[in-house]
Protein chains: 2
Amino acid sequence: MTGCDHCVVRNRAICSTLDAAELAALNQISHHRDLKAGQTLAWEGDESFQVANVIEGVLKLSASLSDGREQIVGVAYPSDFIGRPYGSQNRQTITAITDVRLCTFRRADFERFSANHPDLEHKILQRTLTELDRARQWMLLLGRKSAREKLASFLLEMSERLADSGCQSRAMPTDQFGLPFGRQQIADILGLTIETVSRQLTELKKSGLIELPDNRKVVIKDRKGLEQMTDQSGLGR
Amino acid sequence: MTGCDHCVVRNRAICSTLDAAELAALNQISHHRDLKAGQTLAWEGDESFQVANVIEGVLKLSASLSDGREQIVGVAYPSDFIGRPYGSQNRQTITAITDVRLCTFRRADFERFSANHPDLEHKILQRTLTELDRARQWMLLLGRKSAREKLASFLLEMSERLADSGCQSRAMPTDQFGLPFGRQQIADILGLTIETVSRQLTELKKSGLIELPDNRKVVIKDRKGLEQMTDQSGLGR
DNA sequence: CGTGGCATTGATGTGGCTCAACGATAGTGG
DNA sequence: CCACTATCGTTGAGCCACATCAATGCCACG
């Protein structure tokens, strides 16, 4: 079993507060696990058995209705913590979007450990608070923004989230990045249909704000312009 | 200064883990504060100075766009914890919806206290996790449900939330309750316009699922029927 | 009895959904 | 090397749910 010393998310994940001895103890109860793109780790409504740190890859958290309508309610990147500790039930489905490498714990083991490590629990609290802020910001987008505004907001958010995936300090947003999502997933994130996503993207391209070298690549040509698009449909009002 | 012994939310708020001595210490740094309906406690984007327990009344957490569009992203009832600890900025505006009584703390004081009381912090973590689950469930509503479905979901949620405001155990949902919200606020919770809210409510009334004795009162006549409305627009499909 | 703040109701418009066809790319097997 | 198919994205035409705009109703309050 690989030690935590060489873990690529060692300094960014919740483990970052732990010293060598604590880390060794945590390592005792951890298991690495790989998921292929498309595989589901946990189902909405099922009992919560395990929690995990994301080492590599991207996962989606989604909620859905009985007739198949789906909403992606969160996205987990490397160093993010996933699963539902201190609660018996998963309220979202967790699915790998790319191939994924996880550092998993049985929920019970993890809770026992964290009970004796307040610093660790504090880290989790901070992350959860940040996630809650982010979710609430997204509620504004879902409830009140137009399709155009949603796409602009999405692209800018992606340029920020994908920038600091590599290093541990807060990095500048990139103007050029590859999306881990297909069009349908973008639609499920924004509460739109795939057709609307496609149309809005070509509109943004036509107006020169972005370029789309291929289906998964985005180049931001006019960040200022995009930023204006995030909260006013047409500027003319 | 009133002691915590007589506090009406003593057993439901985060304080419930504390013993008499700890409670006394916490009481030292707390200040009661009353807000009139409509008063704002904290503004989105401002620095986070204080956190609080809600003793009495209802508050809304909202996010908004520069042109005035608003989305209510959370509602706080008695015994709920509000404000943003462990972070420098409020990401939502917190406004009293009814007259409110709070038990407030300077954020710095509170954080110093909680650093030495892991149990308290654990309570906050649990609440935050539950709020996050709730927010994400609401994202499904905002992104994927029709106006009819939103209203039905809203009424059922209210019947649950308002039921257990009184006592400490999980109570049954009431079939009859008074709303703390006006029509505009309901619209801001559901991501709709006031006119659509009004029309959908009269539709639900006409089909016999609910009654509306006055603007602020709701009677659920057919809970089963309402529940079906929460995830299928018309049943016929 | 007027005035102002909600809520309801009606008429009309439109943004995004639905349905359908088509295009592009990648893998698969002959 | 080329059909053949599958998957994914784009584009177009038409429609409908909800927004917008406007008028009216209903209290509560001075």
Side-chain angles (χ1 to χ4, degrees), chain A residues 36-38 65 67-71 97-98 141-155 178-206 210-218 229 231-234 236-237, chain B residues 36-38 65 67-71 97-98 141-154 178-206 210-218 229 232-234 236-237:
Chain A
K36 286 274 160 209
L65 297 171
D67 62 3
R69 280 174 288 175
E70 177 178 328
Q71 177 67 45
I97 271 188
T98 64
L141 175 143
L142 290 172
R144 292 303 190 194
K145 288 193 179 180
S146 70
R148 175 71 50 89
E149 294 168 330
K150 285 179 177 180
L151 259 299
S153 306
F154 169 76
L155 292 174
L179 292 171
F181 311 110
R183 292 290 185 271
Q184 181 60 60
Q185 283 161 352
I186 298 176
D188 288 339
I189 289 172
L190 299 176
L192 297 170
T193 59
I194 184 174
E195 295 95 330
T196 301
V197 170
S198 182
R199 276 187 256 268
Q200 294 300 332
L201 282 177
T202 65
E203 287 295 318
L204 291 174
K205 187 171 61 179
K206 277 181 192 163
I210 60 169
E211 265 172 26
L212 303 168
D214 76 43
N215 285 339
R216 296 283 181 138
K217 287 205 182 64
V218 178
M229 283 288 170
D231 60 358
Q232 49 196 292
S233 289
R237 173 171 282 262
Chain B
K36 285 277 161 207
L65 297 170
D67 62 3
R69 280 174 288 175
E70 176 177 328
Q71 178 66 46
I97 272 186
T98 63
L141 175 143
L142 290 173
R144 292 304 189 195
K145 288 193 180 181
S146 70
R148 176 70 51 86
E149 293 168 331
K150 285 178 176 181
L151 259 299
S153 306
F154 169 76
L179 291 170
F181 310 112
R183 292 291 185 270
Q184 182 59 60
Q185 282 161 351
I186 298 176
D188 289 339
I189 289 172
L190 299 176
L192 297 169
T193 59
I194 184 172
E195 294 95 329
T196 301
V197 170
S198 182
R199 276 188 255 267
Q200 293 300 332
L201 282 176
T202 66
E203 288 295 318
L204 291 174
K205 186 171 62 179
K206 277 180 191 163
I210 60 168
E211 265 173 26
L212 302 168
D214 74 44
N215 285 339
R216 296 283 183 139
K217 286 205 182 64
V218 179
M229 284 286 170
Q232 50 197 278
S233 289
R237 171 170 285 260

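This is a predicted model, so every value here is computed, not measured. Values below: every heavy atom of this structure, side chains too, minus hydrogens, waters and symmetry copies. So that the names make sense, note that chain A is the first sequence line, chain B the second, and so on, each numbered from 1.
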Test your reading of the model: is there a side-chain donor-acceptor pair from Gln71(B) to the backbone of Ile189(B), 3.5 Å cut-off?
yes
Using 0.5 Å steps for rounding, measure from the CD atom of Gln200(B) to the CD atom of Glu195(B).
12.5 Å
Between Thr193(B) and Ala187(B), which heavy-atom pair has the shortest distance, and what is it?
C-CB, 3.7 Å
Interatomic distance where CG belongs to Asp188(A) and P belongs to dC8(D) [whole Å]
13 Å
Over how many whole Å does the gap from Arg216(A) atom CZ to dA26(C) atom C1' extend?
14 Å
Would you tabulate the nitrogen or oxygen pairs shorter than 3.5 Å linking the protein to nucleotides 10-18 of chain D?
{"from": "dT10(D)", "atom 1": "OP1", "to": "Arg183(A)", "atom 2": "NH2", "distance (Å)": "3.3"}
{"from": "dT10(D)", "atom 1": "OP2", "to": "Arg183(A)", "atom 2": "NE", "distance (Å)": "2.9"}
{"from": "dT10(D)", "atom 1": "OP2", "to": "Ser198(A)", "atom 2": "OG", "distance (Å)": "2.7"}
{"from": "dT10(D)", "atom 1": "O5'", "to": "Ser198(A)", "atom 2": "OG", "distance (Å)": "3.0"}
{"from": "dG12(D)", "atom 1": "N7", "to": "Arg199(A)", "atom 2": "NH1", "distance (Å)": "2.7"}
{"from": "dG12(D)", "atom 1": "O6", "to": "Arg199(A)", "atom 2": "NH2", "distance (Å)": "3.3"}
{"from": "dC18(D)", "atom 1": "OP1", "to": "Ala147(B)", "atom 2": "N", "distance (Å)": "2.7"}

Give a yes or no answer on whether the side chain of Arg199(A) reaches the backbone of Ile194(A) with a donor-acceptor pair at less than 3.5 Å.
no
Spacing between Lys217(A) atom NZ and dA24(C) atom C1', to the nearest angstrom
16 Å
Answer yes or no: is there a side-chain heavy-atom contact under 4.5 Å between Leu151(B) and Leu192(B)?
yes
For atom CG of Asp214(A) and atom P of dC8(D), their distance in whole Å
15 Å
Take the protein atom CD1 of Ile186(B) and the nucleotide atom C1' of dA7(C), then report the distance between them rounded to whole Å.
11 Å
Has the side chain of Arg144(B) got a donor or acceptor atom that lies under 3.5 Å from a matching backbone atom of Arg69(A)?
no
Distance in angstrom units between Leu151(A) CG and dG16(C) P, rounded:
10 Å
